[in-house]
Amino acid sequence: MQTLIEHARTFPAALSERREEFARLANGQRPQALFISCSDSRVIPSMFTGARPGDLFELRTAGNIVPRYRAQAGACGVAGSLEFAVQALGVPDIVVCGHSHCGAVQGLVREQGVASMPLVGRWLAWAGHRPDADGTARAQGPAEAQGSAPDLVAVTQQHVLTQLDHLRSYPFVARRLAAGRLRLHAWYYTVETGAVQAWKPASGAFQAL
């Protein structure tokens, strides 16, 4: 923690040559995209996208989960952030980015791994699917015995596509999509290599950017 504190202390001095850039940020924001990624400390969107301050409106949740739209959801930080990004900021693009070695996805595959964390288990229920051992999705239900090790890459990529489907369930997202004013993107980030793949509907697969 001390290294973080020291950096925070010296950060203003380090910005001496960028004061005009940061002064402009104080006047408002116009991000290029809403970037929905996992809370995982190994995933730093600005690092692999090269985003500068003001470029990304970030929404980070455990497992980059976007719950389906619910009219009576009440206070929901994900829904509120999504609405603000689309309605107030008018972002033209939304990226949902999953990643390798995702603990949330592993919790979907092996429910016993989160048995001692009921709040985590409850959150994972919003993922919208449970993966079979072969990496395909099935309707959510009680955990079943896994006869073979799942393909976690395939599971994670399917999980990302499911969250894209959830985004489409929000009326304000659906309206922007229908008007051609919003684009949705599914990305997969590999922690150990830094490689990013994107879903290509034409080929039905994730491919290198």
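Values below: every heavy atom of this structure, side chains too, minus hydrogens, waters and symmetry copies.
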query: Hey, are the side chains of M117 and R122 touching, using non-hydrogen atoms and a 4.5 Å cut-off?
result: no
field: Pairwise salt bridge (Lys or Arg N to Asp or Glu O under 4.0 Å) hits with a residue in residues 96-105, at least two apart
entry: none
- prompt: To the nearest 0.5 Å, how far apart are CD1 in I65 and CD1 in I36?
  reply: 12.0 Å
task: With sequence neighbours excluded, give me every salt bridge (Lys or Arg N to Asp or Glu O under 4.0 Å) pair touching residues 85-97.
output: D93-R183
field: Residues that R18 engages under side chain to side chain donor-acceptor pair (under 3.5 Å), provided they are two or more places apart
entry: E21
- prompt: For residues 195-209, which residue pairs qualify under salt bridge (Lys or Arg N to Asp or Glu O under 4.0 Å), counting only residues two or more places apart or in two chains?
  reply: none
message: I'd like to know if L164 and V153 are part of one continuous hydrophobic network [Ile/Leu/Val/Met/Phe/Trp/Tyr, side-chain heavy atoms within less than 4.5 Å].
response: no
Which residues share a side chain to side chain donor-acceptor pair (under 3.5 Å) with S100, sequence neighbours left out: E192
Flag, side chain of S16 to backbone of P12, donor-acceptor distance under 3.5 Å: no
- request: For R168, check side chain to side chain donor-acceptor pair (under 3.5 Å) against everything at least two apart and list the hits.
  value: D165
- request: Not counting sequence neighbours, which residues clear side chain to side chain donor-acceptor pair (under 3.5 Å) with R30? List them please.
  value: none
- prompt: Do the non-hydrogen side-chain atoms of T61 and W123 ever get within less than 4.5 Å of each other?
  reply: yes
- prompt: So do the side chains of R181 and R176 get within less than 4.5 Å of each other, counting heavy atoms only?
  reply: yes
- request: Dump the intermediate steps for side-chain contact (heavy atoms from CB on, under 4.5 Å) on L161 and F206, then the final yes or no.
  value: CA-CA 10 Å; L161 293 175; F206 280 81; 4.2 Å; yes
query: In Å, rounded to the nearest 0.5 Å, how long is the span from NE2 of H101 to SG of C38?
result: 12.5 Å
- prompt: With sequence neighbours left out, what residues match Y188 under ring-ring contact (aromatic ring centres under 6.0 Å, His included)?
  reply: none
field: Heavy-atom closest pair, residues N64 and G98
entry: OD1-CA, 3.5 Å
task: Could you name each residue pair satisfying salt bridge (Lys or Arg N to Asp or Glu O under 4.0 Å) that touches residues 34-51, not counting sequence neighbours?
output: D40-R42
message: If I take atom CG from residue L59 and atom OG from residue S37, how far apart are they, to the nearest 0.5 angstrom?
response: 8.0 Å
- request: Locate the shortest heavy-atom distance separating P150 from V109; write the atom from each residue and the value.
  value: CG-CG1, 3.3 Å
- prompt: Take atom CD in E17; do more than 12 heavy atoms of anything else shown fall under 6.0 Å from it?
  reply: no
- prompt: Which hydrophobic side chains are connected to V196, either touching it within the sub-4.5 Å cutoff or through other members that do?
  reply: F35, V43, F48, L56, V95, W187, Y189, V191, L209
- request: Please assess L4 against H7 for the test side-chain contact (heavy atoms from CB on, under 4.5 Å), listing each intermediate value before the final yes or no.
  value: CA-CA 5 Å; L4 303 179; H7 186 83; 5.8 Å; no
task: Not counting sequence neighbours, which residues clear salt bridge (Lys or Arg N to Asp or Glu O under 4.0 Å) with R24? List them please.
output: none
- prompt: Would you say the side chain of T156 lies within less than 4.5 Å of the side chain of H99, judging by non-hydrogen atoms?
  reply: no
message: Ignoring hydrogens, what is the shortest heavy-atom contact between V160 and A186? Give both atom names and the distance.
response: CG1-CB, 3.6 Å
message: Go through it in stages, so that I can follow the logic: the residues are V86 and I94, the test is side-chain contact (heavy atoms from CB on, under 4.5 Å), and I'd like the CA-CA distance, side-chain angles, deciding distance and then a yes or no.
response: CA-CA 9 Å; V86 174; I94 300 177; 4.0 Å; yes
- prompt: Would Q29 and L89 count as a side-chain contact (heavy atoms from CB on, under 4.5 Å) if you check the C-alpha gap in whole Å, the side-chain angles of each, and the deciding distance to 0.1 Å?
  reply: CA-CA 8 Å; Q29 59 173 321; L89 299 179; 3.8 Å; yes
query: Between A79 and F172, which heavy-atom pair has the shortest distance, and what is it?
result: O-CZ, 4.4 Å
task: Look up atom CG in L108 and atom NE2 in H159, then write down how far apart they are to the nearest 0.5 Å.
output: 6.5 Å
query: Apart from L15 itself, what residues make up its hydrophobic cluster when side-chain heavy atoms of I, L, V, M, F, W and Y under 4.5 Å apart count as a link, directly or indirectly?
result: F11, F22, L25
task: Give a yes or no answer on whether the side chain of R68 reaches the backbone of G128 with a donor-acceptor pair at less than 3.5 Å.
output: no
field: Nearest-0.5 Å distance that lies between atom NE2 in H166 and atom OH in Y170
entry: 9.0 Å
- request: Quick one: pull up CG in L184 and CD in Q163 and give me the separation to the nearest 0.5 Å.
  value: 12.5 Å
message: Are the side chains of E58 and P45 in contact, using a 4.5 Å heavy-atom criterion?
response: yes
message: Side chains of S46 and I44, heavy atoms from C-beta outward: is any pair under 4.5 Å?
response: yes
message: Checking T10 against E6 for the side chain to side chain donor-acceptor pair (under 3.5 Å) test, could you report, in this order, the C-alpha distance in whole Å, the side-chain angles of both residues, the deciding distance, and whether it holds?
response: CA-CA 6 Å; T10 60; E6 291 300 326; over 6 Å; no
- prompt: Cluster question for you: counting only ILVMFWY and a side-chain heavy-atom cut-off of under 4.5 Å, with indirect links fine, are W199 and L152 together?
  reply: no
message: Give me the atom names and distance for the closest heavy-atom approach of F57 to P31.
response: N-CB, 3.7 Å
